[in-house]
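So the structure is just underneath, and the comments pick up after that.
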Amino acid sequence: MSTQPVTTHAPSVKEPVDMPEPQSLTRERLRAWAWHRQGLDGSLAGCTAEQVLARAGWARSVGGANPYLTLFARAGIRREQVDADVLAHRILELPAARGCTYVLGRDDFAWALQLGRDAAESALKVVGRLGVDRGEVTLLEEQVLHTLAEADGPLDPRQLKDELGDSVRNLGEEGKKRGATTTLPTALGLLQSDGRIRRVPANGRLDQQRYAYEPWGLPASNFDDDAARTELIRRYLGWTGGATFKQSQWFTAFTVAQTRAALAAVGAVEVLTAQTSQDAAGGDTLWMLPDDVGLFAAFDEPAEEQIQLLAGTDSLFLLRRNAADLLANEDQHKPALESFALQADLPDHPILDRGRIIGLWQYEPAKERIVPWLFHGPTPAVTQRISEVEAWIREDLGDFRAFSLDSPATRQKRIDALAASAEASGAG
């Protein structure tokens, strides 16, 4: 592949970086590169959960099964081992970037919590507008810590509220409109962001939304806020293999100035792609880590099928929210996919081959089966992987929920739609 020298915008990078020619960086090549960076090509087989999350990125947790499938798809890790890792604090579900909860490894606990502190402080501002001053919340925090320290085990929010009595203020109808019915969630959020308490899954599983709290006392991060933002950008660009400025901003929730500063601090370089130069819909250029540019230039797309079934919230999609880019051009024009191709988030779980979405799926627990819709029919490799994931869900999870309120009844419409699409196309 021919290359051209391009200097970076960061003074820390002293030598020009050899860049691949833009016309060589097609959508197909970019898909395969992201697939590789996410470890979905088998390169993470045999790794621990901590190693997978460090390489592929934190697993989004919304009371669904994505963290389990993230680890099973990349390293074959079964639910029993994941739950044991959570119990041993090797991995935990914590509020991190944008204040959203992710499952991440222990080396990241302190500085990831630091990133989520702004969201906790924002909740404080909400109750402040309802007449609750900082002193009242601080007092409640201390009372929560005392109550948890005296308890025989973790306490859920209802138990805490009963124990704390009038110390928890009801914020009435106005508070309900603003998403703050009482002062307790604000206090719990601030305590979590400081690492003074942690949330414990009620039954030890990550694919549900019932939690209790226990004292923690996590040592503070050694990073200042600028260093924490720089580290997140470094990780994020490594996880994705490259992202646009807007995608980086969305994931991190950094301001424009903060994003620019963090990109400069890691020596990120701008990479022109075929989409950027030829397709107006391609949007901005990609920002990549300098070392990854050379790796990308030398990257060979795999020739053989690599089939995976993933959750719709898998890092491959969620980190950049670019699901439409993972569809082949001809598939974007299927009648049943036209609206889907315009969405940032997936309505169903995807079936993929080397980064390209080749179908969608849902799990139907009543029949203990995966209901797939394959755009172009199954190959033996696709059939085998569907069977493997189906058996794993049946044996390890019992169901596959996308999020906490997902249920067989609420997803039945989607299951029926997939079955109908498969029947209509003859590609089930």
Side-chain angles (χ1 to χ4, degrees), residues 47-53 56-96 99-106 108-109 112-113 116 148 151-160 185 188-189 192 197-216 218 308-315 318 349 361-366 368-370 388-411:
C47 288
T48 66
E50 288 179 83
Q51 291 168 333
V52 171
L53 296 171
W58 306 332
R60 184 76 168 97
S61 56
V62 284
N66 173 58
Y68 291 119
L69 186 51
T70 290
L71 297 168
F72 179 73
R74 290 165 172 82
I77 301 172
R78 305 297 293 242
R79 197 207 90 203
E80 183 179 9
Q81 181 59 56
V82 177
D83 292 346
D85 287 339
V86 172
L87 186 63
H89 296 190
R90 289 186 285 267
I91 63 173
L92 287 176
E93 180 186 38
L94 299 174
C100 295
T101 53
Y102 294 87
V103 177
L104 56 152
R106 57 187 158 189
D108 298 345
F109 290 168
L113 281 176
L148 291 177
D152 293 331
L155 299 178
D156 64 31
R158 182 179 295 275
Q159 291 170 318
L160 274 170
L188 294 175
Q192 280 191 96
I197 65 172
R198 79 172 193 94
R199 208 165 64 170
V200 182
N203 60 358
R205 290 182 57 160
L206 296 168
D207 56 346
Q208 49 82 54
Q209 198 77 342
R210 294 182 59 249
Y211 300 96
Y213 294 87
E214 66 180 11
W216 194 10
L218 179 73
Q308 293 284 4
L309 277 69
L310 301 177
T313 49
D314 187 89
S315 295
L318 189 70
H349 307 302
W361 68 278
Q362 289 280 1
Y363 187 75
E364 189 173 21
E368 297 187 328
R369 65 168 186 166
I370 283 174
E388 291 169 350
V389 175
E390 188 176 76
W392 169 73
I393 293 173
R394 185 168 55 245
E395 295 165 10
D396 281 32
L397 305 181
D399 191 10
F400 194 89
R401 300 199 303 172
F403 50 90
S404 60
L405 298 180
D406 186 19
S407 70
T410 58
R411 88 177 72 109

Has [X] got a side-chain atom pairing as donor or acceptor with [Y]'s backbone, closer than 3.5 angstrom?
| X | Y | value |
| --- | --- | --- |
| Thr101 | Ser61 | yes |
| Glu368 | Pro365 | no |
| Arg401 | Asp207 | yes |
| Glu395 | Trp392 | no |

Within this structure, what is the [atom1]-[atom2] distance for the pair [X] and [Y], rounded to the nearest 0.5 Å?
| X | Y | atom1 | atom2 | value |
| --- | --- | --- | --- | --- |
| Gln362 | Glu364 | CD | CD | 10.0 Å |
| Arg60 | Asp314 | CZ | CG | 13.0 Å |
| Leu53 | Gln51 | CG | CD | 10.5 Å |
| Trp216 | Leu218 | CH2 | CG | 4.5 Å |
| Asn66 | Leu310 | CG | CG | 8.5 Å |
| Trp58 | Cys100 | CH2 | SG | 11.0 Å |

Under the criterion side chain to side chain donor-acceptor pair (under 3.5 Å), I'd like the reasoning laid out for Tyr211 against Glu93: C-alpha separation, chi angles, the key distance, then a yes or no.
CA-CA 11 Å; Tyr211 300 96; Glu93 180 186 38; 3.0 Å; yes

Would Arg411 and Asp399 pass as an ion pair if we require N to O under 4.0 Å?
yes

Decide yes or no for [X] and [Y]: does some side-chain heavy atom of the first lie under 4.5 Å from some side-chain heavy atom of the second?
| X | Y | value |
| --- | --- | --- |
| Leu405 | Thr410 | no |
| Thr70 | Val103 | no |
| Arg198 | Leu92 | yes |
| Ile197 | Glu214 | no |
| Pro67 | Val82 | no |
| Leu94 | Gln192 | no |
| Arg369 | Arg394 | no |
| Asp85 | Leu71 | no |

Just wondering, more than 12 heavy atoms not from Arg210 lying within 6.0 Å of its CZ?
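No, the 6.0 Å shell around CZ holds no more than 12 heavy atoms from other groups.
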
Apply side chain to side chain contact (heavy atoms under 4.5 Å, CB included) to the pair Ile91 and Glu50, showing each step before the final yes or no.
CA-CA 6 Å; Ile91 63 173; Glu50 288 179 83; 3.9 Å; yes

Could you go through Arg205 and Leu397, starting from their C-alpha distance and side-chain angles, then the distance that decides it, and tell me whether this counts as side chain to side chain contact (heavy atoms under 4.5 Å, CB included)?
CA-CA 10 Å; Arg205 290 182 57 160; Leu397 305 181; 3.9 Å; yes

What is the minimum heavy-atom distance between [X] and [Y], and which atoms define it?
| X | Y | result |
| --- | --- | --- |
| Gln159 | Leu155 | OE1-CA, 3.3 Å |
| Arg74 | Ala56 | NE-CB, 3.4 Å |
| Cys47 | Ile77 | O-CD1, 3.5 Å |
| Leu69 | Ala311 | CD2-N, 3.5 Å |
| Leu113 | Pro95 | CD2-O, 3.6 Å |
| Ala84 | Arg90 | O-NH2, 3.6 Å |

Using the ring-ring contact (aromatic ring centres under 6.0 Å, His included) rule, pick out the option among Phe72, Tyr363, Trp361, Tyr68 that qualifies with Phe400.
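With Phe400 as partner, ring-ring contact (aromatic ring centres under 6.0 Å, His included) holds for just one option, Trp361.
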
Regarding Arg199 and the six-membered ring of Tyr213, is the cationic atom NZ or CZ under 6.0 Å from the ring centre and inside 45° of its axis?
no

